[in-house]
Amino acid sequence: MTTAKPGVKHFLQFKDFTRAEFEYLFERTHWIKEQFKSYKKHWPLIDRTLVMIFEKASTRTRLSFEAGMQQLGGAAIYLNTRDSQLGRGERVEDAAQVISRMSDLIMIRTFEQGIVERLAANSRVPVINGLTNEYHPCQILADIYTYIEQRGPIQGKTVAWIGDSNNVCNTWLQAAEVLDFHVHVSTPPGYEVEVERAGLYGTDNFEQFADPMAAAKDADIVSTDVWTSMGFEAENAERLRDFAEWQVDAEMMRVARPDALFMHCLPAHRGEEVSAEVFDGPQSVVWDEAENRLHVQKALMEYLILGKVDQ
Ligand code: CP
Ligand code: NVA
């Protein structure tokens with residue numbers, strides 16, 4: 001018998017939330033960030049526990065969830081599959097039953113999206129996707145908040161995605177459908193976006209370009225990511241060759257809008273997917289994106305556990 005609760009809300013991919021929910025989360029993030037910056041306590045999650053399951057490496061995701069939960073008054077427990085029974089073949093469905101009886105919220109970073117879905121289907125408590133092969137919804141939540149904070153509404157804007165059509169790219173594409181903006185994607189041949197894998201309703205919000213310079217032209221955001229994502233290391237040498245022409249450099253930033261922002265989820269490889277000049281340059285907001293993971297995820301955790309709250 002499953003003990004999953006039908007009404008429980010999860011954040012497994014970007015399109016799980018409506019535009020109205022994101023508008024609430026962005027407003028709430030602003031307030032939560034202000035409280036934090038002015039050293040004011042905000043402890044709505046006293047006695048609540050977050051369990052974080054990691055099957056892949058992480059710096060930002062672990063830190064931002066763990067620090068965020070503590071700053072909200074709760075506690076966070078770190079489980080690595082290598083040293084938990086999950087790494088010895090315990091079914092994710094069984095782990096979900098047990099973990100969700102002992103906690104109020106679960107965050108998981110793993111391989112296939114199906115694993116996260118099986119976890120959620122057997123959990124009594126909300127589940128957050130902290131990155132899968134297919135999606136990275138918390139990253140795009142932070143990236144869009146960063147854009148809004150620095151430039152205003154994202155509706156109608158254009159994001160140029162240069163490089164691999166990976167989990168971060170797929171999430172930008174879903175976000176474009178929910179929040180009504182455009183994504184211009186340029187990948188090397190053979191690495192194009194797969195509409196079904198990206199979980200899109202259609203192709204109205206994105207366009208694929210063979211030429212990365214054409215994709216970057218007049219963009220409001222130019223974004224990229226590593227050429228080899230976690231789990232694909234065996235393809236590294238081939239990818240280094242295939243992606244060589246898809247580096248975001250100063251020439252590419254010059255064809256984007258003059259006020260365009262450069263974004264990268266991190267970790268980055270200067271000299272591969274982005275030149276050091278752009279990465280460390282004035283249009284780069286990579287450290288703000290990383291910091292905003294903390295603030296948006298605090299709003300997200302509060303929302304998933306308590307629902308909408310007034311101040
Ligand atoms: N961007 C991001 O998710 O970073 P980590 O892999 O360090 O968590
Ligand atoms: N696409 C990268 C993102 C890391 C945060 C990966 O999946 O490894």
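As the structure lists them, so they are numbered: ligands from 1, and atoms in each ligand from 1. The figures that follow rest on heavy atoms only: side chains count, while hydrogens, waters and symmetry mates do not.
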Atom 6 (O) of ligand 1 [closest protein heavy-atom partner, distance rounded to 0.1 Å]: Arg109 NH1, 2.8 Å
Heavy-atom contacts under 4.0 Å between Asp164 and ligand 2: side chain, backbone, both, or neither? neither
What is the nearest protein non-hydrogen atom to atom 7 (O) of ligand 2, stated with its residue, atom name and distance? Asn167 ND2, 2.8 Å
Under 3.5 Å side-chain donor-acceptor pair for Gln113 and Asn133: no
Would you kindly confirm whether Val127 and Ile99 end up in one hydrophobic cluster when ILVMFWY residues are joined by side chain heavy atoms under 4.5 Å apart? yes
Could you list which atoms of ligand 1 come closer than 4.0 Å to a heavy atom of Cys265? 1 (N)
Parallel, tilted or perpendicular, judged at 30° and 60°: which one describes the rings of Phe262 and Phe279? perpendicular
Residues Gln297, Ser64; criterion side chain to side chain donor-acceptor pair (under 3.5 Å); working and verdict: CA-CA 7 Å; Gln297 289 163 197; Ser64 52; 3.0 Å; yes
Looking at ligand 2, would Leu266 count as a contact under a 4.0 Å heavy-atom criterion? yes
Quick check: Arg62 and ligand 1, any N/O pair under 3.5 Å apart? no
Given Gly130, Ser229, Gly231, Ala268, identify the one with the heavy atom nearest to atom 6 (C) of ligand 2. Ser229
Under 4.0 Å from a heavy atom of Leu131: give me the atoms of ligand 2 that qualify, with their elements. 3 (C), 4 (C), 5 (C), 7 (O)
Interfacing atoms of ligand 2 (cut-off 4.0 Å, heavy-atom, Met230): 6 (C), 7 (O), 8 (O)
contact_flag Arg293 ligand 1 heavy-atom lt 4.0 Å: yes
Looking only at N/O atoms, are Asp225 and ligand 2 under 3.5 Å apart anywhere? yes
For atom 4 (O) of ligand 1, find the nearest protein heavy atom and state the residue, atom name and distance (0.1 Å precision). Arg60 NE, 2.8 Å
Against heavy atoms of Thr59, which atoms of ligand 1 measure under 4.0 Å? 5 (P), 7 (O), 8 (O)
Between ligand 2 and Thr228, is the shortest N or O to N or O distance under 3.5 Å? no
cation_pi(Arg62, Tyr78) dist<6.0 Å, angle<=45: yes
Using the six-membered ring wherever Trp is involved, compare the ring planes of Phe17 and Phe22 and label them parallel, tilted or perpendicular (cut-offs 30° and 60°). tilted
For a quick check under 3.5 Å, do Ser275 and Arg270 share a side-chain donor-acceptor pair by atom type? no
Just say parallel, tilted or perpendicular for the rings of Phe243 and Trp227, cut-offs at 30° and 60°. parallel
Leu266 touching ligand 1 at heavy-atom level, < 4.0 angstrom: yes
Between Phe36 and His295, does the ring centroid distance fall short of 6.0 Å? yes
Cation-aromatic face contact Lys15/Tyr201, 6.0 Å, 45 degrees: yes
Does the N or O separation between Pro267 and ligand 1 drop below 3.5 Å for any pair? no
